[in-house]
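Take a look at the structure below.
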Amino acid sequence: MIEKAVNYIKQFVTGEFETGIICGSGLGSLGEKVENPVCVDYGDIPGFPVSTAPGHKGRFIFGTLSGRKVVCMQGRVHLYEGYPAGDVVMPIRVMKSLGVKNLIVTNAAGGINESFAVGDIMLITDHINFTGVNCLVGKNDDRFGVRFPDMTYAYSPALAEKAASCAGGLGMRLKKGVYIGCIGPSYETPAEIRAFRTLGADAVGMSTVQEVIAANHCSMSVLGFSLICNKAAGISGERLTEEEVLETGRLKAEEMQKLIIKITGEL
Ligand code: HPA
């Protein structure tokens with residue numbers, strides 16, 4: 001399946017794309033900054049999962065950003081859409097086959113850490129996979145990686161350091177913390193949020209963890225950012241809405257883009 005998808009894409013693009021960028025909810029407009037873009041819709045790629053989530057377009061954009069060849073995913077697929085974990089990470093393996101070595105993942109998240117404000121950008125230092133599944137379950141594909149991949153440095157400390165220095169250069173203050181990935185699609189209960197805080201999580205969302213597992217499996221270096229779009233359930237007493245999440249994405253998209261563009265130039 002991966003080979004078929006890669007061969008299809010190679011009709012439109014040539015060469016290696018060193019950096020892959022996954023745009024989370026409301027953050028897809030980064031794709032518009034890619035120069036000399038070549039767009040490939042997920043729906044046209046044989047066997048490729050198609051995103052049905054709001055705020056997700058569903059296409060690859062190949063081109064250059066800060067002079068580097070990049071592949072940008074405008075939209076991703078989630079477990080809550082009903083896709084098995086193996087399908088959720090198919091794009092990671094396709095990107096690996098197209099030369100991606102560094103993966104920048106972004107997502108919209110709820111802030112569990114009470115010192116976080118809506119609109120903060122959190123550099124992901126580590127994650128907790130609370131989805132109950134793992135994309136590597138089943139026969140191991142040795143062409144991509146080992147049976148029991150190490151996750152000690154799932155989020156590359158070297159890339160995190162670069163990101164912190166780029167943010168400093170732009171006068172931005174990054175928060176740092178642990179992302180907990182849930183299956184969704186319901187938001188969490190206040191009791192779950194209290195439990196997650198006890199577990200050591202700072203932000204919660206419904207994506208990213210499977211992609212980061214697959215990326216580590218195939219030896220990519222990962223950099224991750226969560227945009228804190230709302231306070232997690234029970235913190236403010238307000239109800240959570242998808243509109244708030246997408247609106248924060250729109251408001252902060254420009255800042256997030258600036259940061260990612262600068263980092264890409266330094267990879
Ligand atoms: N919970 C889970 N996923 C999310 C949230 C949240 O509070 N905000 C944005 N994505």
Side-chain angles (χ1 to χ4, degrees), residues 21-30 51-58 73-83 85 88-89 104-133 135 155 174-213 224-257 259-260:
I21 303 168
I22 305 180
C23 302
S25 305
L27 300 167
S29 52
L30 174 67
S51 47
T52 61
H56 286 252
K57 272 198 177 145
M73 284 181 68
Q74 232 177 12
R76 54 150 64 94
V77 293
H78 305 80
L79 292 172
Y80 65 71
E81 293 174 77
Y83 289 107
V88 168
V89 302
I104 303 177
V105 292
T106 68
N107 59 53
I112 295 176
N113 186 319
E114 291 186 272
S115 76
F116 289 0
V118 170
D120 279 350
I121 297 172
M122 183 186 88
L123 178 66
I124 306 175
T125 55
D126 205 347
H127 78 214
I128 298 170
N129 175 11
F130 206 77
T131 62
V133 295
C135 57
Y155 296 82
L174 291 181
K175 298 287 197 302
K176 280 186 185 176
V178 173
Y179 175 89
I180 187 165
C182 296
I183 194 165
S186 54
Y187 289 116
E188 302 69 34
T189 63
E192 286 166 344
I193 294 302
R194 287 192 298 276
F196 294 166
R197 188 179 294 122
T198 305
L199 290 178
D202 297 289
V204 58
M206 303 175 194
S207 66
T208 304
V209 293
Q210 301 299 329
E211 293 151 352
V212 172
I213 291 168
F225 298 104
S226 288
L227 174 61
I228 305 301
C229 288
N230 56 280
K231 286 181 181 278
I235 294 180
S236 73
E238 300 276 316
R239 284 183 178 273
L240 272 50
T241 65
E242 185 193 313
E243 288 69 38
E244 182 187 8
V245 171
L246 294 178
E247 181 60 16
T248 313
R250 275 190 287 274
L251 289 175
K252 298 293 286 191
E254 196 73 26
E255 203 177 326
M256 195 90 148
Q257 283 168 18
L259 178 62
I260 291 173

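Indexing begins at 1, ligand by ligand and atom by atom, following the structure's order. In this text, all values refer to a predicted model and were calculated from it rather than measured experimentally.
No N or O atom of Tyr187 sits closer than 3.5 Å to an N or O atom of ligand 1.
For the ring-ring contact (aromatic ring centres under 6.0 Å, His included) test, residues two or more places apart in sequence or in another chain that qualify with Phe196 are Phe130.
With respect to Asp120, the salt bridge (charged side-chain N to carboxylate O under 4.0 Å, His left out) criterion is satisfied by exactly one of Lys231, Lys252, Lys175, Lys176: Lys175.
Proximity of Asn230 to Thr248: side-chain heavy atoms (C-beta onward) are nowhere separated by under 4.5 Å. At a threshold of 4.5 Å between non-hydrogen side-chain atoms, the residues Glu242 and Tyr187 count as touching.
Those atoms of ligand 1 that come under 4.0 Å of a heavy atom in Leu240, given as number and element, are 7 (O). For ligand 1, the atoms sitting less than 4.0 Å from at least one non-hydrogen atom of Ala108 are 9 (C), 10 (N), numbered in the order shown with element in parentheses. Close approach to Val204 involves these atoms of ligand 1, each under 4.0 Å from a residue heavy atom: 1 (N), 2 (C), 3 (N), 4 (C), 5 (C), 6 (C).
Glu188 OE2, 3.2 Å is the protein heavy atom nearest to atom 2 (C) of ligand 1. Protein heavy atom in closest approach to atom 5 (C) of ligand 1: Gly110 N, 3.4 Å.
For the pair Arg76 and Ile22, the tightest heavy-atom approach, listed with the atom from each and the gap, is NH2-CG2, 3.5 Å.
With a 4.0 Å heavy-atom cut-off, ligand 1 is reached by the backbone of Ala109 but not by any atom from C-beta on. Neither the backbone nor the side chain of Asn107 comes within contact range of ligand 1; no heavy atom lies under 4.0 Å.
Note on ligand 1: Gly205 sits in its first shell, one or more heavy atoms being nearer than 4.0 Å.
Judged by distance alone, with hydrogens and angles left aside, the side-chain atoms of Thr106 form a donor-acceptor pair with the main-chain N or O of Gly24 at under 3.5 Å. For the pair Glu255 (side chain) and Gly119 (backbone), a donor-acceptor distance under 3.5 Å is absent.
Relative to atom 8 (N) of ligand 1, the option among Ile228, Asn230, Val245 with the closest non-hydrogen atom is Asn230.
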